[in-house]
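Below is one structure, written out as structure tokens, with a few remarks after it.
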Amino acid sequence: MAALDISRLEESLAAPLHPLYVIHGEEDLLRVEALDALRAAAKAQGYLNREVYTADSGFDWQELLASAGSMGLFADLKLIEVHIPNGKPGKPGGEALERLAADLPPDTVLLVMLPKLERAQLQSKWFTALAKAGTVAEAKPVAGNALPAWLRGRLQQAGLAIENEALALFAAKVEGNLLAAKQEVDKLALLYPAGHLLTAEETERTVADVARFDAFQLTEAWMSGEAERVLRLLEGLQAEGEEPVLLLWSVAEDVRTLIRLAAAFKQGQTVAQVRNSLRLWGSKQQLAPQAVRRIAPARLVAALQQCAAIDRMIKGAEDGDAWSAMRTLLVELAA
């Protein structure tokens, strides 16, 4: 039926509910909030019977099909939740989901809750059937340039305003940890009265440093040209004990992708034509072309040579500090 931005799901629930919803994605907080919103809307619209199934190993899919096929007492409206924690229903589960999607039960709202899905799962028959029959909302990570706007919006909902400098500081303190970010917003709402304008000094004093870092954030930062964020992420990754060899592998793979993308552009190909072969999925569809336009092909080739030198440093075959060399490389690529 439709793919819906998860931030707009709650406002859509004021209308009569659809018979099928699918919520999936990486960001746990947004998935939980979407689940709570849908439960509340179902209750408000008279779906007072709620059945919850967790499809772990050994789950009996026939039990779910039987429940969906049975009419409740006096045809009461019913909400059926199917939670698939690993996102892999298996063959019996896939077939059961396809059957449900093809013949949605009357007087019932079916909700399928899934984690972050890999490309193979998104292209599976069961997910395709669900997406065709229902409303799909994906909980994408809120990071990078999107995080400050998200924080400002949450603060406004809590009755607070924030200075630009304070907002940048807030985002740096909670990046990669959206649940903790929400908790910090809730804390600020308790500490300050409605209408208060948060300053950088107040943010520094009251907001906990709960940021979490990963290689994808680093890719996003250097491809976007955010040198300061690159340095902050590298410092955090090193402090968390991340292995430089894993980061180096990620950087080298992304540089190779940009080289191939630059060659494809030179041959007149588009991003859409090479998206699958170059694995340009998610935000990389926008980030990689931007980086190719900004970084010359010769610089990318030189970056691969720097990656090889850093690899020798990690293995002890060449003098030098791998972390320092990686900082130099990525700041140059982000410049």
Side-chain angles (χ1 to χ4, degrees), residues 1-9 22-31 34 87 114-124 127-128 130-132 135-150 171 175-176 178 212-227 229-230 233 246-297 299-301 303-304 307 329-330 332-335:
M1 288 176 62
L4 190 65
D5 188 320
I6 202 163
S7 64
R8 303 185 65 85
L9 175 64
V22 180
I23 297 173
H24 71 104
E26 183 175 349
E27 190 53 69
D28 291 340
L29 171 66
L30 300 184
R31 285 193 291 112
L114 298 156
K116 177 184 177 182
L117 300 178
E118 301 301 328
R119 181 165 172 261
Q121 294 161 296
L122 291 171
Q123 294 181 341
S124 65
F127 186 85
T128 301
L130 292 174
K132 184 177 180 180
T135 297
V136 179
E138 181 180 0
K140 298 178 181 178
V142 180
N145 295 333
L147 182 58
W150 186 89
E175 182 174 6
L178 207 63
R212 293 177 183 167
F213 308 102
D214 60 37
F216 179 80
Q217 291 170 289
L218 189 62
T219 295
E220 183 183 63
W222 72 259
M223 281 193 180
S224 301
E226 301 175 73
R229 186 173 171 226
V230 165
L233 289 169
L246 298 177
L247 292 179
L248 180 64
W249 176 85
S250 175
V251 171
E253 283 296 298
D254 286 331
V255 170
R256 291 188 186 98
T257 296
L258 295 187
I259 292 173
R260 297 188 187 105
L261 182 59
F265 283 166
K266 192 173 182 180
Q267 295 169 5
Q269 294 178 287
T270 66
V271 173
Q273 289 173 313
V274 299
R275 180 179 59 225
N276 290 337
S277 62
L278 296 185
R279 303 170 67 87
L280 297 178
W281 304 321
S283 62
K284 278 190 180 181
Q285 291 184 54
Q286 290 77 43
L287 294 175
Q290 293 172 10
V292 164
R293 287 190 287 268
R294 185 173 53 81
I295 308 171
R299 181 67 192 89
L300 292 171
V301 173
L304 273 186
C307 287
L329 167 62
L330 293 181
E332 288 176 354
L333 287 174

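Given the structure is predicted, the values throughout are model-derived calculations rather than measurements.
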Please give me the minimum heavy-atom distance between [X] and [Y], naming the atom from each residue.
| X | Y | answer |
| --- | --- | --- |
| Ala139 | Arg31 | CB-CG, 3.5 Å |
| Ala215 | Ser250 | CB-OG, 4.1 Å |
| Leu287 | Met223 | CB-SD, 4.0 Å |
| Ala171 | Pro148 | CB-CG, 4.1 Å |
| Gln217 | Leu233 | O-CD1, 3.4 Å |
| Ile6 | Ala34 | CD1-CB, 3.8 Å |

Distance check, rounded to the nearest 0.5 Å: [X] atom [atom1] versus [Y] atom [atom2]?
| X | Y | atom1 | atom2 | value |
| --- | --- | --- | --- | --- |
| Gln286 | Ser224 | CD | OG | 10.5 Å |
| Glu226 | Asn145 | CD | CG | 4.5 Å |
| Thr135 | Leu4 | OG1 | CG | 7.0 Å |
| Asp214 | Glu220 | CG | CD | 9.5 Å |
| Leu218 | Arg229 | CG | CZ | 9.0 Å |
| Leu278 | Lys284 | CG | NZ | 10.5 Å |

Should we count CZ of Arg299 as having more than 12 external heavy atoms under 6.0 Å?
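More than 12 heavy atoms, drawn from other residues, nucleotides or ligands, come within 6.0 Å of this atom.
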
For Arg119, I'd like to know if atom CZ has over 12 heavy atoms of other residues, nucleotides or ligands within 6.0 Å.
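Correct, the count exceeds 12.
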
Indicate every side-chain donor-acceptor pair of residues 256-263 with a distance under 3.5 Å to a residue at least two apart or in another chain.
unit_1 : atom_1 : unit_2 : atom_2 : d
Arg256 : NH1    : Glu253 : OE2    : 3.0
Thr257 : OG1    : Glu253 : O      : 3.0

Taking side chain as C-beta onward, heavy atoms only, is [X] less than 4.5 Å from [Y]?
| X | Y | answer |
| --- | --- | --- |
| Ile23 | Leu9 | yes |
| Leu329 | Trp222 | no |
| Val136 | His24 | yes |

My understanding is that only residues two or more places apart in sequence, or in another chain, count here; which of them pass side-chain contact (heavy atoms from CB on, under 4.5 Å) with Ser277?
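Result, side-chain contact (heavy atoms from CB on, under 4.5 Å) vs Ser277: Val274.
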
For Leu29, all residues meeting side-chain contact (heavy atoms from CB on, under 4.5 Å), sequence neighbours excluded:
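Here the qualifying residues are Glu27, Glu33, Trp150, Leu178, Leu179, Lys182.
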
Within the distance-only criterion (no hydrogens, no angle test), does the side chain of Arg275 pair as donor or acceptor with the backbone N or O of Thr270 below 3.5 angstrom?
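Not a single qualifying donor-acceptor pair exists.
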
